[in-house]
Amino acid sequence: MALPAHDERTVPAVVLQELDREPLERSLADMQALVEQYGHVIVVCSQAAPRGVEQRLRTVRSLLESDRIALFRPELPPLGLAVLARQLRQLASCDLSPGVLASAGRLLTHYIHAGALLGSVTRLDRVPVGLKSHAKSWVPGSQFGVLAHPTPQLVRIGPGATLDGPEFGTSMLVAQGQLQSDWVSATLARAWNAQGLREAVLPAESTTWWGTAKLIEFCAFLPDLSVLYQLVTSVRQNSCHWCGIDVIGDRCVFCSATPPVHEQPARAG
């Protein structure tokens with residue numbers, strides 16, 4: 001999920017590989033080294049990753065007893081998650097505090113449109129699929145356009161078929177799987193008024209997430225750092241009442257604390 005940087009300012013990604021297979025001592029040592037080097041660590045993890053990966057991350061965070069490790073697992077397809085991780089890497093070069101940067105992930109997720117062109121929806125379980133679509137997926141040559149985020153949508157590909165796209169200017173990233181079609185790069189990109197289209201390597205988790213290797217994954221996103229920065233800094237910031245770090249939203253991304261609930265004083269009878 002470590003996409004190439006947009007420019008020389010984009011902070012490099014640190015890829016944590018085989019977390020569910022390596023010895024726990026190595027995972028602890030690697031994470032401790034990152035915390036000591038950078039001060040805070042934001043871990044972006046796909047929901048399609050093996051269950052053992054999340055378990056290992058939570059174990060490491062618990063054993064280190066650190067409130068400087070944020071674990072972020074949004075409901076985005078792998079390519080969309082890779083784009084979000086790169087946006088956070090872009091913003092990491094700006095004057096944002098660690099808490100605001102980590103909180104920005106939740107905010108920027110709303111501006112990502114992610115989906116795929118599929119040769120079959122038989123094994124697709126992350127987007128609602130009707131019985132009629134399942135039946136059509138058995139027809140040879142059938143293809144389906146699926147939008148997983150922000151609003152699930154599924155259409156069978158035919159003349160004029162498209163998906164609801166963003167109402168603001170975006171760039172599009174496309175990752176080719178084992179499916180041949182120009183529908184994404186030609187029809188969909190034009191319908192969404194994509195201001196640029198680039199290709200990427202299909203993420204390793206994509207086949208698992210979409211339930212098939214016959215796919216072309218796509219993602220529309222905001223590429224401009226100045227726009228991303230303006231979005232993040234325009235939102236009101238709060239200080240976590242527990243650890244004191246500045247965040248966006250109610251829940252602290254590092255210590256997971258929420259604002260205390262203050263009971264309303266009883267009215268005099």
Side-chain angles (χ1 to χ4, degrees), residues 1-109 175 200-209 232 239-249 251-258:
M1 296 193 303
L3 293 172
H6 270 312
D7 51 50
E8 59 184 14
R9 289 187 56 183
T10 302
V11 176
V14 176
V15 181
L16 302 174
Q17 297 180 338
E18 298 185 347
L19 277 175
D20 56 335
R21 299 179 183 178
E22 68 180 10
L24 176 59
E25 292 76 12
R26 180 177 175 182
S27 299
L28 286 169
D30 289 347
M31 187 64 72
Q32 181 65 41
L34 289 175
V35 172
E36 292 177 354
Q37 180 178 358
Y38 296 103
H40 292 79
V41 176
I42 304 171
V43 182
V44 182
C45 179
S46 172
Q47 293 197 4
R51 186 176 180 181
V53 171
E54 181 188 7
Q55 293 175 336
R56 173 57 59 88
L57 286 170
R58 295 193 181 280
T59 299
V60 168
R61 188 179 186 276
S62 177
L63 291 176
L64 291 178
E65 297 182 344
S66 174
D67 287 343
R68 293 187 291 169
I69 303 172
L71 176 57
F72 189 39
R73 301 186 71 221
E75 295 182 357
L76 283 173
L79 186 63
L81 190 64
V83 167
L84 178 63
R86 182 168 61 184
Q87 289 178 329
L88 293 176
R89 290 161 51 201
Q90 288 178 269
L91 288 167
S93 66
C94 302
D95 58 345
L96 299 176
S97 67
V100 171
L101 177 61
S103 303
R106 298 173 183 167
L107 172 66
L108 298 180
T109 298
V201 177
L202 188 72
E205 295 85 2
S206 293
T207 298
T208 300
W209 204 97
V232 174
S239 294
C240 174
H241 76 97
W242 184 259
C243 68
I245 199 169
D246 290 334
V247 296
I248 298 174
R251 179 179 293 276
C252 180
V253 290
F254 284 103
C255 74
S256 300
T258 55

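Position 1 is the first residue of the sequence, and the numbers go up from there.
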Closest non-hydrogen atom pair between G105 and L88, with its separation: N-CD2, 3.9 Å

Nearest heavy-atom approach of A104 to L91 is CB-CD1, 4.4 Å

Does the side chain of R68 come within less than 4.5 Å of V35's, by heavy atoms? yes

Decide yes or no on side chain to side chain contact (heavy atoms under 4.5 Å, CB included) for Q87 and L108, but give the supporting numbers first. CA-CA 8 Å; Q87 289 178 329; L108 298 180; 3.9 Å; yes

Calculate, to the nearest 0.5 Å, the distance between atoms OG1 and CG belonging to T59 and L19 respectively. 10.5 Å

Reported OG-to-CD distance for the pair S27 and E18, which is rounded to 0.5 angstrom: 10.5 Å

CA sep, side-chain torsions, deciding dist, call: L81, W209, side chain to side chain contact (heavy atoms under 4.5 Å, CB included): CA-CA 12 Å; L81 190 64; W209 204 97; over 6 Å; no

Check whether any side-chain heavy atom of L16 lies under 4.5 Å from a side-chain heavy atom of L34, and answer yes or no. yes

For T10 and R89, test the side chains for any donor-to-acceptor distance below 3.5 angstrom and give the result as yes or no. no

When you measure from the side chain of Q47 to the backbone of R73, do you find a donor-acceptor pair of N or O atoms at a distance under 3.5 Å? yes

Matching residue for R58 among V53, L71, I69 - test: side chain to side chain contact (heavy atoms under 4.5 Å, CB included): L71

Over 12 non-hydrogen atoms of neighbours within 6.0 angstrom of CD in E75: no

Distance-only polar pair, side chains of D246 and S97, donor-acceptor under 3.5 Å: no

Quick check: do M31 and V41 have side-chain heavy atoms less than 4.5 Å from each other? yes

Tell me whether S206 contacts the main-chain N or O of L202 through its side chain, where contact means a donor paired with an acceptor under 3.5 Å. no

If we only count heavy atoms from C-beta on, is the V247 to V100 side-chain gap below 4.5 Å? no

Between the main-chain N or O of Q90 and the side-chain N or O of R9, is there a donor-acceptor pair closer than 3.5 Å? no

Which heavy atom of T109 sits nearest to which heavy atom of P74, and what is that distance? OG1-CB, 4.3 Å

For V11 and S93 the tightest heavy-atom approach is CG2-N, 4.0 Å

Please examine the side chains of V60 and L24, heavy atoms only from C-beta on, and report whether any two atoms are closer than 4.5 Å. yes

